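Below is one structure, written out as structure tokens; the observations come after it.
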Amino acid sequence: MKGGDEEVAAPAGPPQPLDWKFSQVFGERIAGEEIQEVDIICAIEFDKTGDHLATGDRGGRVVLFERTDAKDHGLSRRDLERTDYPISRHPEFRYKTEFQSHEPEFDYLKSLEIEEKINKIRWCQTANSALFLLSTNDKTIKFWKVQEKKIKKISKIIADPSKAVGNGNVASSSNSNSPKPFLANGVSPDKSCNHLGNDISFPPGGLPSLCLPVVVTSQETNLVARCRRVYGHAHDYHINSISNNSDGETFISADDLRINLWNLEISNQSFNIVDLKPANMEDLTEVITSAEFHPAHCNMLAYSSSKGSIRLIDLRQSALCDSHAKLFEEPEVPGSRSFFTEIIASISDIKFAKDGRYILSRDYMTLKLWDINMDSGPVATFQVHEYLRPKLCDLYENDSIFDKFESCLSGDGLRVATGSYSNLFRVFGCAPGSTEATTLEASKNPMRRQVQTPSRPSRSLNSITRVVRRAETLGVDANANSLDFTTKLLHLAWHPTENLIACVAANSLYMYYA
């Protein structure tokens, strides 16, 4: 304060809940239409600018979309500067191109079929208007370059005999010492017929002019996807994660027991930086479920395990990072252990916030937000579908309890989202004091099955119990009976700068904005 003239502004409250609207859908399924297994989308990722979106499916294809609504709507820069109100832009994407990234393979040494299914897609830095991305199936990672190239066409031009552009003229200039007259096709005028060998002969007057094909570059362009490198033969187990480093030169790939560090330019060599494989496999107690580089610090990465823990490691400590810099795990509540405790504690996905301060993790029942400076426990816990807890036995019987749900954070770090069953997904506010908890359905009417449930219990057991009871009084348990466990929303992505969510329901891609 300066002389008491300035007033201290009151602290702003939590942001208001967003009003989500349907934007568009690609590959919408018609009622009764049978879904082909190869068309089911199993990976989705925005690039850093948010202008491009990539999806991968079980058929090994990668489909690219580009944003089309950010073109200033045809207004000049002067008109935009004079506009004193924001232009409402309805987020729109269009199909850009697609290519076959992986094909089914067979490992003859292990007698193992390798699916073409795309597990993860990660965008790399762009260069010279070309797009670069990494895609992986269970065993092989590929580095792709997608670029517009001008189409080359072949046109036919008839040679002009009067200008002596024939074959004989060229031959005479190089091989003949004395100037002799030649016709366009190499026939000497002083002979009626010039025989070359026994089979080839030229008629009197020479041959008609030839049509020579000429390659012409047109102004039309075509998108071409080219595989620049293949990173293979480095994982004995199925790859579950790939992540780019902020240095733009390296990336990691993780399977159940190991994490490898690669250089983008070198495809025949990688460095093993994490190895959880014990000497005796009977001593194995946990596996790696997800791994990601820190968005800003090239020496830091985090990986999660099936025991519900997250380890933050520093590559500067040692070449083999067997020891972690920090361990994040929630202490088990005494007396709460059951047969399903370890199964539902397994973390299926972790994501760093854009600033790298927080880590979002998803286990079967909850979303947890962790502060990397505080390893005593999560700073926030969001109950995704607590009403399923009484049904864990049924979920175990039909293997639904092993479903791997992904999660995402908004670019401003104020909200998180994840999927559930019946093609539902949930958006939670994670700002201090926020109670935002929105349930949306992946359909053209996302608010059709809106269920208001509490968003974030505190870390104390009493608060959790209180929230569960309150959820039961709201009739959430009754709605759970109508859930369809065969339709699940596993994959979704949040636009890096705007409130735009792209989510996957089987073979359909839905987009929503707020």
Side-chain angles (χ1 to χ4, degrees), residues 35-45 54-64 97-124 132-146 225-244 250-264 266-277 281 284 286-292 303-306 346 348-349 399 402-406 488 490-491 504 506-507:
I35 301 176
Q36 299 295 322
E37 182 80 10
V38 295
D39 294 333
I40 296 177
I41 302 172
C42 48
I44 184 170
E45 181 84 1
T55 64
D57 61 26
R58 293 187 181 180
R61 292 165 297 192
V62 172
V63 183
L64 304 185
T97 188
E98 69 178 85
F99 55 91
Q100 188 71 32
S101 174
H102 288 73
E103 300 279 358
E105 300 175 40
F106 188 81
D107 188 337
Y108 293 96
L109 293 177
K110 299 181 179 179
S111 297
L112 182 69
E113 289 185 2
I114 303 173
E115 290 183 322
E116 66 270 35
K117 170 178 171 285
I118 304 295
N119 290 342
K120 294 289 180 182
I121 297 174
R122 290 292 180 265
W123 290 92
C124 301
F132 294 90
L133 49 87
L134 290 166
S135 62
T136 183
N137 64 353
D138 287 339
K139 296 292 183 180
T140 307
I141 308 161
K142 294 186 178 182
F143 182 46
W144 291 91
K145 178 182 180 180
V146 182
R226 188 163 65 91
C227 183
R228 295 287 302 273
R229 287 176 189 86
V230 177
Y231 313 90
H233 312 294
H235 287 277
D236 293 330
Y237 307 94
H238 290 179
I239 299 172
N240 55 49
S241 303
I242 52 175
S243 178
N244 308 84
T250 56
F251 70 94
I252 56 171
S253 58
D255 63 22
D256 293 339
L257 296 179
R258 295 187 178 99
I259 300 178
N260 293 333
L261 177 67
W262 301 83
N263 188 301
L264 281 169
I266 304 172
S267 60
N268 60 356
Q269 184 183 36
S270 65
F271 298 94
N272 179 232
I273 56 176
V274 175
D275 191 349
L276 299 186
K277 186 176 181 179
M281 287 297 285
L284 183 66
E286 61 181 335
V287 296
I288 299 169
T289 56
S290 182
E292 184 165 281
Y303 70 90
S304 59
S305 79
S306 57
S346 177
S348 56
D349 186 38
D399 288 341
F402 302 106
D403 288 333
K404 308 297 182 186
F405 291 95
E406 292 182 1
K488 42 203 165 193
L490 301 176
H491 312 284
V504 172
N507 64 332

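The residues of the chain are indexed from 1 along the displayed sequence. The structure displayed is predicted, hence computed values, not measured ones.
Panel note: side chain K145, backbone L133; no donor-acceptor pair is recorded below 3.5 Å. Not one N or O on the side chain of S243 forms a donor-acceptor pair closer than 3.5 Å with the backbone of I252. Using a distance-only test at 3.5 Å, with no hydrogens or angles considered, a donor-acceptor pair links the side chain of W123 to the main chain of E45. In this structure a side-chain-to-backbone donor-acceptor pair under 3.5 Å is present from R122 to I242. No donor-acceptor distance shorter than 3.5 angstrom exists from the side chain of E116 to the backbone of I118, with no hydrogens or angles considered. Under a 3.5 Å cut-off, the side chain of N507 and the backbone N or O of I35 do not form any donor-acceptor pair.
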Tell me, with the steps shown, if T55 and I121 meet side chain to side chain contact (heavy atoms under 4.5 Å, CB included).
CA-CA 7 Å; T55 64; I121 297 174; 5.5 Å; no
Between F143 and C124, is a side chain to side chain contact (heavy atoms under 4.5 Å, CB included) present by the stated rule, with each step listed?
CA-CA 9 Å; F143 182 46; C124 301; 3.8 Å; yes
Could you give me the CA-CA distance, side-chain angles and deciding distance for T136 and S253, then say whether side chain to side chain contact (heavy atoms under 4.5 Å, CB included) is met?
CA-CA 9 Å; T136 183; S253 58; over 6 Å; no
Using the side chain to side chain contact (heavy atoms under 4.5 Å, CB included) rule, take E286 and S346 through it: C-alpha gap first, then chi angles, then the decisive distance, then the call.
CA-CA 9 Å; E286 61 181 335; S346 177; over 6 Å; no
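Residues T250 and F271 have side chains not in contact (no heavy-atom distance under 4.5 Å, counting atoms from C-beta outward). Between P104 and E113 the shortest side-chain heavy-atom distance does not fall below 4.5 Å.
Side-chain contact, N272 with N260: a donor N or O sits under 3.5 Å from an acceptor N or O. A side-chain N or O of S304 and one of T289 form a donor-acceptor pair less than 3.5 Å apart.
The distance from atom CZ of R229 to atom OG of S267, rounded to the nearest 0.5 Å, is 7.0 Å. Annotation: the span from I288 atom CD1 to D255 atom CG amounts to 6.5 Å, rounded to 0.5 Å. The structure places CD1 of I141 at 4.0 Å from CD1 of I239, a figure rounded to the nearest 0.5 Å. Atoms CD1 and CZ, on I114 and F106 in that order, are 9.0 Å from each other to the nearest 0.5 Å. To the nearest 0.5 Å, atom CG of residue L490 and atom OG of residue S348 are 9.0 Å apart. Residue R58 holds its CZ atom at 6.5 Å from NZ of K117, rounded to the nearest 0.5 Å.
For the side chain to side chain contact (heavy atoms under 4.5 Å, CB included) criterion with Y231, the lone passing option out of L264, I266, N268 is L264. For the pairing with D236, the salt bridge (Lys or Arg N to Asp or Glu O under 4.0 Å) check across R258, K139, K277 returns one residue only, R258.
Residue F99 places its CZ atom among more than 12 non-hydrogen atoms of other residues, nucleotides or ligands, all under 6.0 Å distant. By the 6.0 Å contact criterion, OH on Y108 is open, its count of non-hydrogen atoms from other residues, nucleotides or ligands being 12 or less.
Ion pair K120/E406 flagged as a salt bridge, since at least one NZ, NE, NH1 or NH2 atom sits closer than 4.0 Å to an Asp/Glu carboxylate oxygen. The pair D39-R61 meets the salt-bridge criterion, with a side-chain N (NZ, NE, NH1 or NH2) lying under 4.0 Å from an Asp/Glu carboxylate O.
Shortest non-hydrogen contact noted between L284 and V287 is CD2-CG1, 4.2 Å. The shortest non-hydrogen separation linking S135 to W144 is OG-NE1, 3.3 Å. Nearest heavy atoms, L134 versus F251: CD1-CG, 3.8 Å. Contact detail for T140 and E105: the closest heavy-atom pair is OG1-OE2, 4.2 Å. Minimum interatomic distance between V38 and D57 (heavy atoms only, all atoms of both residues): O-CG, 3.4 Å. Taking every heavy atom of both residues into account, S101 and V62 meet most closely at CB-CG2, 3.7 Å.
For D349, the side-chain hydrogen bond (donor to acceptor under 3.5 Å, both in side chains) partners two or more places apart in sequence, or in a different chain, are K351, S407.
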